[in-house]
Amino acid sequence: MFINITDSKEAANKGSSVGLVNYLEKENRIDHKPEPEYWFNGHKIRIEPYEVMRSIDNNVAKLGRDDAKFFLVNISPSQKEIRFLKEQYGEEGAKEQMKGFAVRVMDAYAKNFNRDGVNNNEDLLWFAKLENYRYYSYNDQEVKQGMKQRGERKEGEQMHVQVIVSRKDITNKIKLSPMNTSRGKNAEHSKKMGQFDRVAFKQSGESLFDSLFEFDRQLKDTMAYANVQKNGELLQREQLGVLLEGASQNYESRSVANELAQGVADGLFTTTANMLSAAGKTIASFLKVMLEPMYTGGANVVPESEIEEKKRRKKKSQGQQISR
């Protein structure tokens, strides 16, 4: 699950929303379907483009000429996640589920500000559009290498949701910027001025998807795993290796491993032993699997018990061969 917030450069968000709304209408223009894909939010499922533009452009009280007026939130499930939804709910059902999921994502967006009066999607002014395809742009390597044409549809499952959310809350009184990462001078200051943890927001989408749809996410498919593999220290990658081994055992182990992986990505564990102890006593079987390689001093060292077992099996095998 990939969630991204686009600022002014791509969204051109310091003026009217007309350009962005028209751009996001492209599938309706290209496909010429009898029934267009309508905009939606937490209250309505059939919203016309002009309603989106009018609402967003009128919700700008006390914003200056150079202030962002809105932001674009991209909610993009992986191809594996899309296939899962279609298997569970069918083609049309998957689309409806994605729309419902977008509402929950905007709940998380609101809560992330930690502002009084901004608690869920109903406190925001936002409109979303489900898109079925993605298209090659001049930035794609396939276009640069002449393999694809700009504007050509990309292959595979590409369903995603684009959300335009106003900089001001639904009352047009509170400024809300997801680009503000400041925690303030103190707790009271932060409560007044607001804050936004973009990493936590992106991570929330993955957790929401798994809990809502009971999706059995493999450790290698988590955002935490990808981040550590790309940017992590050697210790973090070693810790993920131990988690990966344990996660292959059963569903419960995978769930715990995925949670611990986020701690690894955040650098919370100074040693692998600390990471394992954080798993708690409620998953003793998981700990047993994970701790066994550590008995002799490291994840890469074979436990003595395993060595003895291999010797025993080898002797037994040799004895059977002699008897033949």
Side-chain angles (χ1 to χ4, degrees), residues 1-6 73-84 101 105 108-109 111-112 141 156 160 178-179 181 183 195-303:
M1 177 61 62
F2 178 78
I3 296 180
N4 185 50
I5 302 172
T6 304
V73 180
N74 182 294
I75 306 171
S76 298
S78 67
Q79 296 202 17
K80 184 181 292 186
E81 290 165 337
I82 297 172
R83 286 194 296 270
F84 172 81
F101 176 68
V105 169
Y109 180 92
K111 292 175 183 177
N112 208 299
Q141 288 299 317
H160 60 286
M179 301 303 151
T181 58
R183 296 297 184 273
Q195 61 190 49
F196 198 91
D197 189 331
R198 289 194 294 275
V199 174
F201 173 60
K202 291 179 181 181
Q203 181 64 40
S204 69
E206 186 175 283
S207 303
L208 274 172
F209 189 91
D210 296 352
S211 61
L212 281 175
F213 303 115
E214 298 183 352
F215 181 67
D216 183 10
R217 186 177 303 279
Q218 303 297 303
L219 179 59
K220 285 188 175 182
D221 294 330
T222 63
M223 190 177 91
Y225 185 90
N227 285 343
V228 170
Q229 291 300 317
K230 183 178 180 180
N231 305 310
E233 302 291 337
L234 177 61
L235 174 61
Q236 291 174 301
R237 292 197 295 273
E238 289 177 346
Q239 289 171 342
L240 277 191
V242 174
L243 287 177
L244 193 61
E245 181 182 349
S248 65
Q249 302 303 311
N250 53 52
Y251 176 79
E252 182 182 23
S253 297
R254 286 197 295 275
S255 299
V256 174
N258 292 353
E259 292 180 13
L260 291 177
Q262 186 57 49
V264 171
D266 293 338
L268 300 182
F269 309 119
T270 56
T271 67
T272 302
N274 287 343
M275 175 191 71
L276 295 174
S277 65
K281 297 179 180 179
T282 58
I283 48 169
S285 60
F286 173 80
L287 281 173
K288 182 177 184 299
V289 171
M290 304 296 279
L291 283 169
E292 187 172 355
M294 301 300 296
Y295 287 151
T296 55
N300 296 322
V301 181
V302 181

J.: When rounded to the nearest 0.5 angstrom, what distance separates CE in Met223 from NZ in Lys202?
T.: 7.0 Å

J.: Does a side-chain heavy-atom distance below 4.5 Å link Arg198 with Met179?
T.: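 SC-SC contact between Arg198 and Met179 confirmed.
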
J.: Mark yes or no for whether Gln79, through its side chain, and Gly156, through its backbone, hold a donor-acceptor pair below 3.5 Å.
T.: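 Checking the backbone N and O of Gly156 against the side chain of Gln79, no donor-acceptor pair under 3.5 Å is found.
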
J.: Evaluate side chain to side chain contact (heavy atoms under 4.5 Å, CB included) for Phe2 paired with His160, printing each intermediate quantity in order.
T.: CA-CA 10 Å; Phe2 178 78; His160 60 286; over 6 Å; no

J.: How far apart are the closest heavy atoms of Asp221 and Glu206, and which atoms are they?
T.: O-OE1, 4.0 Å

J.: Might you point out which heavy atoms bring Arg217 and Phe209 nearest each other, and give the distance in Å?
T.: NH2-CD2, 3.9 Å

J.: Give me the atom names and distance for the closest heavy-atom approach of Pro77 to Ile82.
T.: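 Heavy-atom minimum between the residues: CG-CG1, 3.6 Å.
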
J.: Going from CZ on Phe213 to CG on Leu208, what distance comes out if it is rounded to the nearest 0.5 angstrom?
T.: 9.5 Å

J.: Please state whether the rings of Phe201 and Tyr109 are parallel, tilted or perpendicular, taking 30° and 60° as the class boundaries.
T.: perpendicular

J.: Quick one: does Asn4's side chain have a donor or acceptor within less than 3.5 Å of a partner on Asn74's backbone?
T.: no

J.: Would you confirm whether Glu81, through its side chain, and Met1, through its main-chain N or O, come within 3.5 Å as a donor-acceptor pair?
T.: yes

